2 protein chains.
Amino acid sequence: MSTKSSPRAPQRSRTASPIRRERATDLRAAGSAAAPTFKPIHTRRTFEEICERIREQLALGVLKPGDKLPAERELAQQLGVSRNVLREALRSLEMAGVLRLQKGVKGGAFIQQGDTRRMNEVMRDMLSLGTISVRELSEARVHVLDLVVQLACANARRADLDALEANIERTVLATSEGRLLDRVECSREFYKLLAASTGNKVIAMIVDSVTEIHMRFVYAKVASSGVAMARLAEKRRQFLTALSARNAELAGRLLRSHLESVQRMLEQDPGAMSLHVALADVQPGMRR
Amino acid sequence: MSTKSSPRAPQRSRTASPIRRERATDLRAAGSAAAPTFKPIHTRRTFEEICERIREQLALGVLKPGDKLPAERELAQQLGVSRNVLREALRSLEMAGVLRLQKGVKGGAFIQQGDTRRMNEVMRDMLSLGTISVRELSEARVHVLDLVVQLACANARRADLDALEANIERTVLATSEGRLLDRVECSREFYKLLAASTGNKVIAMIVDSVTEIHMRFVYAKVASSGVAMARLAEKRRQFLTALSARNAELAGRLLRSHLESVQRMLEQDPGAMSLHVALADVQPGMRR
DNA sequence: ATTATTAAATGGATCACCCATTCAATGGAA
DNA sequence: TTCCATTGAATGGGTGATCCATTTAATAAT
C-alpha cells in the first residue's frame, strides 16, 4: 500500500475506508430466514468497528508486528471519526496487548509481538468476578501440569534441561540465604521453564496463566506465615533427573506428590487463601 | 453523592480518591536496592491507573457482578479526571469483559459475570500476531482433549450426557438435510458440551478457546470444498457410549482417531489452511 | 567535532458541547 | 380506574478545539 519506504514500515495512507456514523437505523436485515433469534442488537458502536477493522487487517496479514499505524489525528480523519473515539479503540487494543503506543515525534501506534501474559489477566479477571473458583483453577493446574510433564519428557531439549538446572541452583542459593520470597519467585520461574520445555507455546501460555495465580497464593502464604516448603530443591533435583531420563511416569508421580504437599500447606490456614490477599496488590515481577 | 437507594446496588458515593495528574516526576524511588534494573518506566498513564483501581475493587470484593459504577460524569469528577479519559478506561474494561455499558437513564457501567469467550480472543490475537502457530494450537488441542476425555469420564453427569446425546441428534438431522455448515456448528457445540462435562470451568474455557479457532478452519474448509467428515454422527455415538460407560481408554482412543482423520481432511489442501481464511471474517454465532 | 538549542510531530489529557436512547413520571383518553 | 401516549431528565455515545509533555531531528553555538 505505502509509497515512500522508510526503515520500519511507516504504514502511510492505509486508506482506511470511513466509518462515519451510520446512525443506528440498521437492524441488520436478517439475511437467511433460518433462525428466529433476535438477540444481538447492542447497537454497533464506532470504537468496536475500529477495533474490528484493525484486527481484521491483522488477521489478513496486512498489519504485522513492528508496523506502525498512521498518527492518531490522521487515522481519525481517514476513518471519519473523532480523535477521541479513535483513542478509545487504540486504548482497548493496547490493553489487549495488540498495540504499543509511543509518544514523541517518530512515536505512534506500533503492532506488538503477542503478549502471552494476557491470558494471565483473563484468568485473574475470571477469578475476581467469581466465574471460576480457586478450586477449579488448582485442579486444572494439576491436570495440565501432568500433561506438561509428559510433553516435556518427550520434547525437552538440552537447553531446557540446563535452564531448569540453573533455576534449581538459584533456588538452592535463595534457600541458603533465607530469601523465602525469592524462592517463590524461583518456583514461578521453574514452572515457566517447564512449560516452555514442552516446545508448545499454547500449552506454555496455559500453564503460565494458571501458575501465575497459584503462585500469588503461595507468595501470600509465605509472606504472611514465613513457612516454606521443606526439601524443595531436593525434590526439584529428583524431578529433573526423572525428566532428563525421559521417565514420564516417575516425573509425573514426583510432581503430583509435590503439588499435593504444596496444596496441603496452603490449606492449613484457609483464611490466607482468600482471593483478596492474592489478587489485590501487585508483586514485583508478577505483572507487566 | 446523592443518598436515595434503588433496587440494584446503586453503588453511590464510592468515594474514589482522586487521581489527579501526578506529573511524571516520579521515578518510583526503587525502595529495596536489590535489583539494578531500570526497565519499566513507561510513564503510568491515568487510564491505566483507573483500570487498575477498578480491578482492585473487584479483587477486593467491593465490586461484584451486577453492581453499577457511578455515572461517567460523576465518577470522572470523583477521580479528578476528564470524562474522556475515564471513558478510555471503561472501554478497555468493557473489551476485557469486565463491564457492560448501558445507555439511557438507569443505564451505566455494570460489572459483568465473567465472559469466558475472552480467552478465545486472546488465542485469536496470538495467532494473528504470529505468536503461536496453527500447528501448536492443533497439537495443544489434541492433548487437552485427551485430558478432557479422562475428566469427563470421571465427572460427567447424566445431564451432560443427555446434552451430548441431544447434540448428536441435531447432527443427524443436519446431516440428513444436507446442512453441512450447521453440522460444523454442531461439532463446535459438541466439544463445548464435552468440555463442560468435565465440571471444571477453567478446563472448559481452555478447550473452548482452542476449539473455536480449530472450528473456523473446519468451517472454512467445508464452506469452500463442500467435503464433510464421513460417518460423523456414528463416530459420535460410539464415543458417547464409551463415555457413558466411563471407559476413558476407549473414549480417548476413539476421539484421537477422529481428530486425526479431521486433521488429514484439513491438510489435504494446505492453501485452505491459511490463517486469513479462518480468522478474517466473523461467522454468526462464532462471536459475541 | 561536540554540545546545546530549537522546532515539529506525536500521544496524553481537558473542556464544552451535542446527539440518541432509555425509562419513570405525567397526563389525557377510554 | 385503567391504559396508552407524551415528555423530560439522566446517561452513554460522539465531536472538535485546545493545551501539555515527550521525543527526536535539525540547527546553531561553542
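Just so you know, these numbers use all the heavy atoms, side chains as well, and skip hydrogens, waters and symmetry mates. Each chain gets a letter, A, B and so on, in the order its sequence line appears, and its residues count up from 1. These numbers were taken from a predicted model, which means no experiment stands behind them.
- The neighbour count for A:Gln77 CD, taken as heavy atoms of other residues, nucleotides or ligands under 6.0 Å away, does not exceed 12.
- Separating the NZ atom of B:Lys68 from the P atom of D:dT11 is a distance of 6 Å, rounded to the nearest angstrom.
- A salt bridge links A:Arg91 with A:Glu94; the closest basic N to acidic carboxylate O contact falls under 4.0 Å.
- The 12-atom threshold is exceeded at CD of A:Gln112, counting heavy atoms of other residues, nucleotides or ligands nearer than 6.0 Å.
- In this structure, A:Glu88 does not pair ionically with A:Arg45, as no charged nitrogen and carboxylate oxygen lie closer than 4.0 Å.
- Residues B:Glu121 and B:Arg117 are not paired through a salt bridge, judged by the lack of any N-O separation under 4.0 Å between the basic side chain and the carboxylate.
- The distance between atom CZ of A:Arg87 and atom P of D:dG16, rounded to the nearest whole Å, is 16 Å.
- Sequence order on DNA chain D of the closest nucleotides to A:Arg73 and A:Phe47 puts A:Phe47 first from the 5' end.
- For the pair B:Arg45 CZ and D:dC20 C1', the computed distance is 16 Å after rounding to whole Å.
- The base of D:dG12 does not come close enough to the side chain of B:Arg91 for any donor and acceptor atom to sit less than 3.5 Å apart.
- For the pair B:Arg118 (side chain) and B:Ala96 (backbone), a donor-acceptor distance under 3.5 Å is present.
- In this entry the distance linking CZ of A:Arg100 with P of C:dG12 reads 12 Å, nearest Å.
- In the helix from C:dA1-D:dT30 to C:dA30-D:dT1, the rotation axis of the first five pairs and that of the last five pairs differ in direction by 10°, rounded to 10 degrees.
- Closest to the A:Asn84 side chain, of the nucleotides D:dG14, D:dA17, C:dG12, is D:dA17.
- The distance between atom CD of A:Glu88 and atom P of D:dG14, rounded to the nearest whole Å, is 7 Å.
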Give each protein N/O atom lying under 3.5 Å from an N/O atom of nucleotides 6-10 of chain D, with the pair distance.
unit_1: D:dA10; atom_1: N3; unit_2: B:Val105; atom_2: N; d: 3.3

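- Comparing atom distances between the B:Lys103 side chain and each of D:dG14, C:dA20, C:dC15 picks out C:dA20 as nearest.
- Regarding contacts with the backbone of D:dG13, every side-chain N or O of A:Arg44 stays at 4.0 angstrom or more from both OP1 and OP2.
- A donor-acceptor pair is defined here as one N or O able to donate and one able to accept, closer than 3.5 Å; no such pair exists between the side chain of A:Lys192 and the backbone of A:Val207.
- Atom-to-atom, CG of A:Leu86 to P of D:dG14 comes out at 12 Å; the value is rounded to the nearest Å.
- When distances are taken from the side chain of B:Val81 to each of C:dA13, D:dG14, C:dT14, the shortest belongs to C:dT14.
- Rounded to an integer number of Å, the gap from CD of B:Glu94 to P of D:dG14 is 10 Å.
- Taking a cutoff of 4.0 Å between a charged side-chain nitrogen and a carboxylate oxygen, B:Arg188 and B:Glu185 qualify as a salt bridge.
- Here the P atom of nucleotide D:dA17 and the CD atom of A:Gln77 are 11 Å apart, to the nearest Å.
- A distance-only check finds a donor-acceptor pair linking the side chain of B:Asn167 to the backbone of B:Cys186 [under 3.5 Å].
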